[in-house]
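Each ligand, and each atom within it, is numbered from 1 in the order the structure gives. It should be emphasised that the depicted structure is a prediction, and the values quoted were computed from it without experimental measurement.
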Amino acid sequence: MTSPPADRVVLVTGGSRGIGRAICTALASPGTTVYFNYHNHTEAAETTAAAIRQAGGKAFYDSVDVASPDAVTAYIQHILKEAGRIDVLVNNAGVTRDGLLVRMKDADWDAVMDTNLKGAFNCMRAVGKAMMKQRYGRIVNITSVVGVSGNAGQANYAAAKAGIIGLTKAVAQELASRNITVNAVAPGYILTDMTQDLGDAAKTALIDQIPLGRIGTPEDVAGVVAFLVSPAGDYMTGQVIHVSGGMYM
Ligand code: NDP
């Protein structure tokens with residue numbers, strides 16, 4: 001048996017907005033318990049919780065900084081105590097602090113590495129033992145097309161997202177024998193708060209690079225995550241799935 005129980009327990013990081021909210025909603029269904037964390041935006045988290053409940057799932061949310069190993073460990077211990085298991089982990093929380101290399105401040109490098117890359121490490125390390133004991137787990141790490149292609153002005157972000165790909169493949173190899181799959185999803189240009197400040201000229205230039213000719217939606221990404229953690233994805237691990245309208249091939 002490789003599939004989870006019908007009453008599966010899901011944890012999504014950065015679920016209050018954007019892609020994380022769409023993932024929480026896509027994974028919610030009657031019987032599913034969706035835990036998600038966020039950092040600052042409590043009102044947005046309440047909106048996500050309402051969407052989960054609307055889809056029939058149970059919703060629990062907390063403000064937990066994924067960059068803090070202690071906070072993540074305590075949070076995941078709390079979920080395991082309350083729910084008894086974690087079947088699905090989606091490492092989605094992320095930030096950008098864009099700037100050219102020669103002007104990049106240490107704080108901008110550190111914030112992006114600590115949230116995007118170390119955050120995913122913190123969460124996987126904290127759930128790893130429980131998933132190994134369960135002999136079941138589905139982990140999806142949200143990377144980015146720029147983790148593969150690079151992007152001027154995003155040395156910190158591209159490095160963190162490239163790191164997530166290596167991390168995904170290493171952990172996939174470590175955990176495969178316990179029926180735990182670990183995959184990465186690499187979105188291209190998705191319309192969320194993270195990208196909304198791009199000027200019209202930059203948006204048009206980006207769309208010109210997308211063979212499918214449109215900006216992606218959070219739901220475009222969430223559908224692929226839902227597939228990877230469904231029984232249809234049971235035989236996939238260590239993969240990087242691009243959801244970018246063909247922006248990178
Ligand atoms: P948003 O900025 O819309 O949302 C980011 C989410 O991460 C929020 O829920 C935010 O919480 C949470 N978050 C940020 N920092 C922390 C932290 N330290 N601890 C816990 N939670 C935190 O981003 P997107 O939805 O656009 O991006 C989601 C993921 O997809 C990110 O990993 C991003 O890098 C990746 N991605 C996005 C692309 C895009 O085009 N949008 C393209 C490729 C990848 P709060 O609301 O409290 O701030």
Counting only heavy atoms and a distance below 4.0 Å, can you name the residues contacting ligand 1?
G14, G15, S16, R17, G18, I19, N37, Y38, H39, N40, H41, V64, D65, V66, N92, A93, G94, V95, T115, N116, I142, T143, S144, Y157, K161, P187, G188, Y189, I190, T192, D193, M194, T195

Taking side chain as C-beta onward, heavy atoms only, is T33 less than 4.5 Å from V10?
no

Could you pull out all donor-acceptor pairs under 3.5 Å where a side-chain atom in residues 165-172 meets a protein atom, sequence neighbours excluded?
from : atom 1 : to   : atom 2 : distance (Å)
T168 : OG1    : N141 : ND2    : 3.0
T168 : OG1    : I164 : O      : 2.6

Could you go step by step and tell me if D7 and R85 meet the salt bridge (Lys or Arg N to Asp or Glu O under 4.0 Å) rule?
CA-CA 10 Å; D7 55 344; R85 55 190 292 127; over 6 Å; no

Table please: side-chain donor-acceptor pairs of residues 69-76 below 3.5 Å, with sequence neighbours left out.
from : atom 1 : to  : atom 2 : distance (Å)
T73  : OG1    : P69 : O      : 2.8
Y75  : OH     : F36 : O      : 3.3

Taken in chain and number order and not counting sequence neighbours, the residues that satisfy side chain to side chain donor-acceptor pair (under 3.5 Å) with D62 are none

Using distance alone, with no hydrogens and no angle criterion, decide if Y189 and Q209 have a side-chain donor and acceptor under 3.5 Å apart.
no

